[in-house]
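Read the structure below first, then the notes.
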There are 2 protein chains.
Amino acid sequence: MAQTTVAAQLAETGRMDGGDPCSSCPLGPVSLCRSLPEAERQELLALQATVRLGGHETLFNEGDPALHVFIPLAGAVKLYKMMPDGRRQITGFFFRGDLFGFSAGTVHTTTAEAIVPCVLCRLPVARLEGLLTRAPVLERLVWGRALASLARFEEQVLLLGRKSAPEKLASFLTGISDRAVARGDVASPVLVPMGRADIADYLGLTIETVSRTLTRFRHEGLIDLPRPGTMVLRDAARLRRLADGLDTLG
Amino acid sequence: MAQTTVAAQLAETGRMDGGDPCSSCPLGPVSLCRSLPEAERQELLALQATVRLGGHETLFNEGDPALHVFIPLAGAVKLYKMMPDGRRQITGFFFRGDLFGFSAGTVHTTTAEAIVPCVLCRLPVARLEGLLTRAPVLERLVWGRALASLARFEEQVLLLGRKSAPEKLASFLTGISDRAVARGDVASPVLVPMGRADIADYLGLTIETVSRTLTRFRHEGLIDLPRPGTMVLRDAARLRRLADGLDTLG
DNA sequence: CGCTGCTTTGATCCTCATCAAGCGCAGTGG
DNA sequence: CCACTGCGCTTGATGAGGATCAAAGCAGCG
């Protein structure tokens, strides 16, 4: 199968949606626009393009020119790095309102792939940079997102380096739930659109260990798995203690 | 022992070195000042203070107000997070010219501790932010440092999540060497001022595994350990292949 | 109905953690 | 000058947590 990325397609064809995207923007409080002065908001809107992505479709590959940053309006995206022998490490999941695609150099250091069909807000970095110097409010917002990424990486590094499998899963579940709350969704029936393989590659485990640990959680009454893609946190407090190593299973 | 941090002391006393620090600045090409327009350079210089730190002294603790960012002029610093039961994960090592101390919120998310006696350039974030909006060249430099941190975290996440012990150590050694080259030092007799415990807590291993793996490297002719604190990379090419999972030991 | 892909469950193995000495060296004091 | 001691590193023996190998549910779907 030919692996042309959507970003590449769009770059070539110049296709983008017209119209008035921000008025129909579902981001609400997590939007970059919402709290901007009208002038800055208009300038940002002028840069914006909407991108649609099918499930499992690749947005950009590691090594592609880093021309845009993205914000999911709907759907979910994963970023990952691969080793030559096929080992994979997912570096982050991105949901509605999350900003991703920053790069230190001129190329992306990870691959971005849609977990489910997505609608993304796309911003060209070159023009965004120019805007940032003129729009201090926006600049602070973007800085905040970048620094939040750093803080999440620190947590992920602690998780990967020092936590046991149950602690990793407990951290993952409470983290997903906290992020849902932060963007205005409910804490407990939490949407987990990614499969076991993605969870495993995010937590530095195998799918078997993820599966086994989740069934242990279920037997302990910590969670419910009513249907694939949704998880119910039945005892979030204990999950949090587990995540911090203050409690253990059985 | 009372754990007053140096940063706290300085904040209280307001003590800082006067004089002309940048003219004696040993950073050279890794300096933030070097390539700035004179006006911006002067403003940055006005914010700067020099901090001296004894070995193993704490610069700031996780949870302390995040008032400054720092650049080592000499010495080495480690940042780490602790779990309630004492497990420790080092999130990064910082050498001459590296910028650290960014924080998403108002408090530090890690503890910073000197590995050896240090001299640090200290910049107050509040005033630095104001300067950044007026000094676009400096702003781009600082952005670049922040994005470089993100890229290094991605690598560390891959390392912790998916690499074996020998791969981790090979990555560590080549990484240390590459950073030495980037700041103008030699690639091979590389200074490794941190002890085995620090290396272990950085790589998600134990000191025993670090020690054993290094002796295997030595027996394979990959490295030499002439004296504590210095390592010679005898076969950097093979170390790199090891780091990428393209080669194995014995 | 029989695929196909994902998840669960089971049996076995292996890497690395844990537990426990032993070593080398610097500092200290007799 | 040399035991004594403390610390960091190395080395050895054992064990556990999670990986690997294997197979069996369990949908959705053509």
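Computation of the quantities below employed the complete heavy-atom set of this structure, encompassing side-chain atoms and omitting hydrogens, waters and symmetry-equivalent molecules. In what follows, chains carry the letters A, B, and so on, assigned in the order in which the sequence lines appear, proteins first and then strands, with residues in each chain numbered from 1. Here the structure is a predicted model, which means the values were calculated and not measured.
- Look at CG on B:Asp85: it is 15 Å from P on C:dA17, rounded to the nearest Å.
- For the pair B:His56 and B:Arg218, both in contact range of DNA chain D, the more 5′-proximal nearest nucleotide belongs to B:His56.
- Inter-residue side-chain proximity for B:Thr213 and B:Lys168 is flagged as unmet; no heavy-atom pair is nearer than 4.5 Å.
- Looking only at distances, a side-chain donor or acceptor of B:Lys81 sits under 3.5 Å from a matching main-chain atom of B:Thr109.
- Using a 4.5 Å heavy-atom threshold, the side chains of B:Leu173 and B:Leu222 count as separate.
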- Task: Do nucleotides 24-30 of chain D as a string where each nucleotide becomes B, S or -: B if the base has a protein heavy atom under 4.0 Å, S if just the sugar-phosphate does, - if no protein is that close.
- Result: -------
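- Between the CG atom of A:Leu225 and the P atom of C:dT7 there is a distance of 11 Å, rounded to whole Å.
- Side-chain contact check for A:Leu191 versus A:Asp185: every heavy-atom pair is 4.5 Å or farther apart.
- In summary, B:Asp85 and A:Arg162 do not engage in a salt bridge, as defined by a charged side-chain N under 4.0 Å from a carboxylate O.
- Ring geometry for B:Tyr202 against B:Phe93 counts as tilted: the plane angle lies between 30° and 60°, on a 0 to 90° scale.
- For the pair A:Arg88 CZ and D:dA19 C1', the interatomic distance rounds to 17 Å; values are reported in whole Å.
- Contacts between residues 194-216 of chain A and DNA chain D, counted as heavy-atom distances below 4.0 Å, involve A:Gly204, A:Leu205, A:Thr206, A:Glu208, A:Thr209, A:Arg212.
- Side-chain contact between B:Leu225 and B:Met231 is present, with at least one heavy-atom pair separated by less than 4.5 Å.
- When rounded to the nearest whole Å, the span between CZ of A:Arg87 and P of C:dT15 equals 13 Å.
- Between A:Arg162 atom CZ and D:dG18 atom P the separation is 13 Å, expressed in whole Å.
- Taking the six-membered ring for Trp and thresholds of 30 and 60 degrees, A:Phe94 and A:Phe100 have ring planes inclined between 30 and 60 degrees apart.
- Between the P atom of C:dT7 and the CZ atom of A:Arg227 lies a distance of 15 Å, rounded to the nearest Å.
- Atom P of nucleotide C:dT7 and atom CG of A:Leu169 are separated by 13 Å, given to the nearest angstrom.
- Residues meeting the ring-ring contact (aromatic ring centres under 6.0 Å, His included) test with B:Phe102, sequence neighbours left out: none.
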